[in-house]
Colleague: 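One structure, pasted below without further comment.
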Amino acid sequence: MAPAIAKPLLSDLVAHSTKVPSSHVRAVGDRPDLADVDHESGAGIPLIDLQQLDGPGRRGVVEAIGTACEKDGFFMVTNHGIPEEVVEGMLHVAREFFHLPESERLKCYSDDPKKAIRLSTSFNVRTEKVSNWRDFLRLHCYPLESFIDQWPSNPPAFRQVVGTYSTKARALALRLLEAISESLGLERGHMVKAMGRHAQHMAVNYYPPCPQPELTYGLPGHKDPNAVTLLLQDGVSGLQVQRDGRWVAVNPVPNALVINIGDQLQALSNDRYKSVNHRVIVNSESERISVPTFYCPSPDAVVAPADALVDDGHPLAYRPFTYQEYYEEFWNMGLESANCLDRFRPIV
């Protein structure tokens with residue numbers, strides 16, 4: 001009898017499983033307490049209409065963004081400028097990709113975290129002791145012409161659809177960075193300039209139905225290493241944000257994107273704005289697709305706050321560092337590690 005062939009991707013491994021494999025089962029004290037979650041009515045985080053961001057109501061929108069960055073680290077945006085057909089096309093082609101035959105998907109597979117374009121599972125299969133309940137396709141997106149030819153060519157519309165979405169997402173990221181700069185009392189272009197030549201990548205996440213969601217995570221609690229994240233999600237709940245020690249469910253809102261502050265903006269704001277712990281839980285009924293766009297400084301960009309943000313009441317929170325230096329530290333520490341930014345506190 002021939003030995004069973006290992007299945008590198010979760011969705012193929014568990015296609016007909018009624019139990020969570022031991023490789024994905026969390027220790028008893030490290031499981032999601034699904035009963036102790038705040039399921040608030042509405043989004044669970046501030047909902048901001050960007051309709052007036054480029055109009056006479058800009059000041060009010062900028063103030064709302066600043067308040068959300070300071071108090072929540074997360075907010076949702078509507079009227080964000082990405083056409084509904086572009087959003088729907090992105091979700092459709094993502095689902096198409098993950099429904100391709102295993103042999104076709106595996107053409108993109110790699111467990112090498114340094115590859116710019118790769119399909120993999122969990123977070124870092126080379127170092128993790130317990131795996132996460134997700135498969136993901138990682139795509140570098142900026143400059144688009146440097147990467148698009150390396151993207152999957154199947155489904156046939158993939159490159160065109162995802163290229164359009166990533167270009168629109170970048171434009172929104174730049175508008176948000178300008179608003180965040182203004183909310184801190186800085187020149188509109190400050191954060192855009194502070195990030196050097198810029199970088200952008202996305203993770204097309206696929207969370208299969210899970211027979212025992214109380215035993216595992218889609219992604220455990222973590223903070224994002226980049227500057228700002230723009231999350232597109234389908235209509236299935238899964239994202240939860242930590243607030244005052246409790247987990248709050250972020251319920252999907254039609255035609256809205258979730259925005260969150262990453263560690264680089266926390267450093268660039270000199271701790272005025274916070275990168276917040278968040279996690280993904282899974283369910284037994286339905287698959288879930290999410291597409292976070294991570295907008296980042298270029299690797300050689302030196303991350304340091306504006307002089308105007310450092311004073312007697314707000315001493316320098318972190319020594320200057322390059323994004324490359326930070327990201328290597330983050331990857332070595334792992335997704336669930338203690339706050340990576342603490343490694344860059346000034347030596348007193």
Side-chain angles (χ1 to χ4, degrees), residues 43-83 86-87 141-142 165-202 223-233 241 250 253 255-276 278 291-298 301 303-310 314 317 323:
I45 55 176
L47 185 62
I48 300 175
D49 186 343
L50 299 186
Q51 183 79 49
Q52 288 294 317
L53 184 57
D54 298 313
R58 181 178 179 87
R59 180 186 291 264
V61 180
V62 166
E63 288 177 354
I65 289 173
T67 299
C69 290
E70 183 179 0
K71 293 186 175 179
D72 292 272
F74 269 79
F75 55 98
M76 277 192 189
V77 293
T78 56
N79 290 310
H80 44 67
I82 304 180
V86 174
V87 167
C141 310
Y142 181 78
Y165 176 79
S166 67
T167 301
K168 297 286 187 184
R170 177 173 185 265
L172 176 58
L174 296 176
R175 292 174 68 209
L176 290 169
L177 286 168
E178 289 179 345
I180 288 167
S181 293
E182 285 186 60
S183 74
L184 288 163
L186 304 173
E187 291 184 6
R188 183 183 290 200
H190 177 83
M191 289 299 176
V192 172
K193 292 176 185 172
M195 289 169 55
R197 292 172 291 110
H198 296 208
Q200 176 189 350
H201 58 97
M202 68 167 64
K223 299 179 180 182
D224 286 354
N226 52 296
V228 62
T229 302
L230 290 66
L231 177 70
L232 167 63
Q233 50 184 346
V241 176
V250 178
V253 171
N255 303 317
L257 296 178
V258 177
I259 312 297
N260 69 278
I261 298 302
D263 279 2
Q264 305 316 301
L265 266 180
Q266 178 168 327
L268 286 166
S269 71
N270 201 34
D271 264 1
R272 281 169 167 80
Y273 293 167
K274 294 293 189 282
S275 177
V276 173
H278 53 288
V291 185
T293 292
F294 304 104
Y295 208 77
C296 323
S298 50
V303 177
D307 292 342
L309 300 180
V310 182
H314 302 88
Y323 186 53

Colleague: Rounded to the nearest 0.5 Å, how far apart are SG of C69 and CD1 of I259?
Modeller: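 So the SG of C69 and the CD1 of I259 are separated by 9.5 Å.
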Colleague: Determine, stepwise, if the pair L309 / H314 fulfils side chain to side chain contact (heavy atoms under 4.5 Å, CB included).
Modeller: CA-CA 7 Å; L309 300 180; H314 302 88; over 6 Å; no
Colleague: Measuring only between side-chain heavy atoms, which start at C-beta, is Q266 closer than 4.5 Å to Y273?
Modeller: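 Contact flag for Q266/Y273 side chains = no.
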Colleague: Are any non-hydrogen side-chain atoms of V276 and I261 less than 4.5 angstrom apart?
Modeller: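 Contact flag for V276/I261 side chains = no.
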Colleague: Start with the C-alpha gap between T293 and C141, add the side-chain angles, then the distance that decides, and say whether side chain to side chain contact (heavy atoms under 4.5 Å, CB included) holds.
Modeller: CA-CA 9 Å; T293 292; C141 310; over 6 Å; no
Colleague: Does R175 reach the side chain of D54, with side-chain heavy atoms less than 4.5 Å apart?
Modeller: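 Yes - at least one pair of side-chain heavy atoms lies under 4.5 Å apart.
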Colleague: Which atom names give the shortest non-hydrogen contact between L186 and A308, and what distance separates them?
Modeller: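 Result for this residue pair: CD2-CB, 4.2 Å.
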Colleague: With side chains defined as the heavy atoms from C-beta onward, is the minimum distance between Y295 and L176 less than 4.5 Å?
Modeller: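 No; the side chains remain at least 4.5 Å from each other.
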Colleague: Just one of R170, H201, Q200, H198 clears the side-chain hydrogen bond (donor to acceptor under 3.5 Å, both in side chains) bar with Y142, so which one?
Modeller: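 The residue from R170, H201, Q200, H198 that satisfies side-chain hydrogen bond (donor to acceptor under 3.5 Å, both in side chains) with Y142 turns out to be R170.
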Colleague: Would you give the length of the straight line joining atom NE2 of H80 to atom CG of L257, rounded to the nearest 0.5 angstrom?
Modeller: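 Rounded to the nearest 0.5 Å, the NE2-CG separation comes to 4.0 Å.
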Colleague: Just verifying a value: how many Å separate N79 CG and I48 CD1, rounded to the nearest 0.5 Å?
Modeller: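 Result: 12.5 Å between the selected atoms.
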Colleague: Count the heavy atoms belonging to other residues, nucleotides or ligands that lie under 6.0 Å from CZ of R58, then report whether that count exceeds 12.
Modeller: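 Above 12, so yes.
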Colleague: Give, for atom OG of S269 and atom CD of Q264, the distance between the pair rounded to the nearest 0.5 Å.
Modeller: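 Answer for the OG-CD pair, S269 versus Q264, is 11.0 Å.
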Colleague: Output the distance between atom CZ (R59) and atom CG (L53), rounded to the nearest 0.5 Å.
Modeller: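 Result: 13.5 Å between the selected atoms.
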Colleague: About how many Å separate OG of S275 and CG of D224, when rounded to the nearest 0.5 Å?
Modeller: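 Taking CG in D224 and OG in S275, the distance rounds to 6.0 Å.
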Colleague: Looking only at heavy atoms, what is the nearest atom pair of V310 and P305, with distance?
Modeller: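 Smallest interatomic distance, heavy atoms only, reads CG2-CG, 3.9 Å.
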Colleague: Do I65 and L50 have side-chain heavy atoms sitting under 4.5 Å apart?
Modeller: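 Counting from C-beta outward, I65 and L50 do come under 4.5 Å.
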Colleague: Count the heavy atoms of every other residue, nucleotide or ligand shown that sit under 6.0 Å from NZ of K223, and state whether that count exceeds 12.
Modeller: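 Yes.
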Colleague: Considering all heavy atoms of both residues, which atom of D49 and which atom of T78 are nearest to each other, and what is their separation?
Modeller: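 Shortest heavy-atom contact: CA-OG1, 3.5 Å.
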Colleague: I want to check something: taking the side chain as every heavy atom from C-beta on, are V87 and N255 in contact at a cut-off of under 4.5 Å?
Modeller: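 No - every pair of side-chain heavy atoms lies 4.5 Å or more apart.
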Colleague: Minimum heavy-atom separation for S298 to Y323, with atom names?
Modeller: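 Nearest pair, atom of S298 first, then Y323: O-CB, 3.6 Å.
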Colleague: Less than 4.5 Å apart, any side-chain heavy atom of M195 and any of L177?
Modeller: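 Yes, their side chains come closer than 4.5 Å.
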Colleague: Is there a donor-acceptor pair under 3.5 Å between the side chain of D271 and the backbone N or O of A317?
Modeller: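 Looks like no, no N/O pair under 3.5 Å.
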Colleague: Just wondering, more than 12 heavy atoms not from Q52 lying within 6.0 Å of its CD?
Modeller: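 Correct, the count exceeds 12.
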Colleague: If you compare all heavy atoms of V62 against all heavy atoms of A179, which two are closest, and at what distance to 0.1 Å?
Modeller: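 Smallest heavy-atom distance, with atoms named: CG1-O, 3.5 Å.
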Colleague: Less than 4.5 Å apart, side chain to side chain, heavy atoms only: is that true for L184 and M191?
Modeller: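 Yes, their side chains come closer than 4.5 Å.
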Colleague: Test H278 against every option in L231, N260, V250 by the side-chain contact (heavy atoms from CB on, under 4.5 Å) rule and name the one that passes.
Modeller: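 Exactly one candidate clears the test, N260.
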Colleague: Heavy atoms only: give me the nearest N226-T229 pair and the separation to one decimal.
Modeller: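 Shortest heavy-atom contact: ND2-OG1, 3.0 Å.
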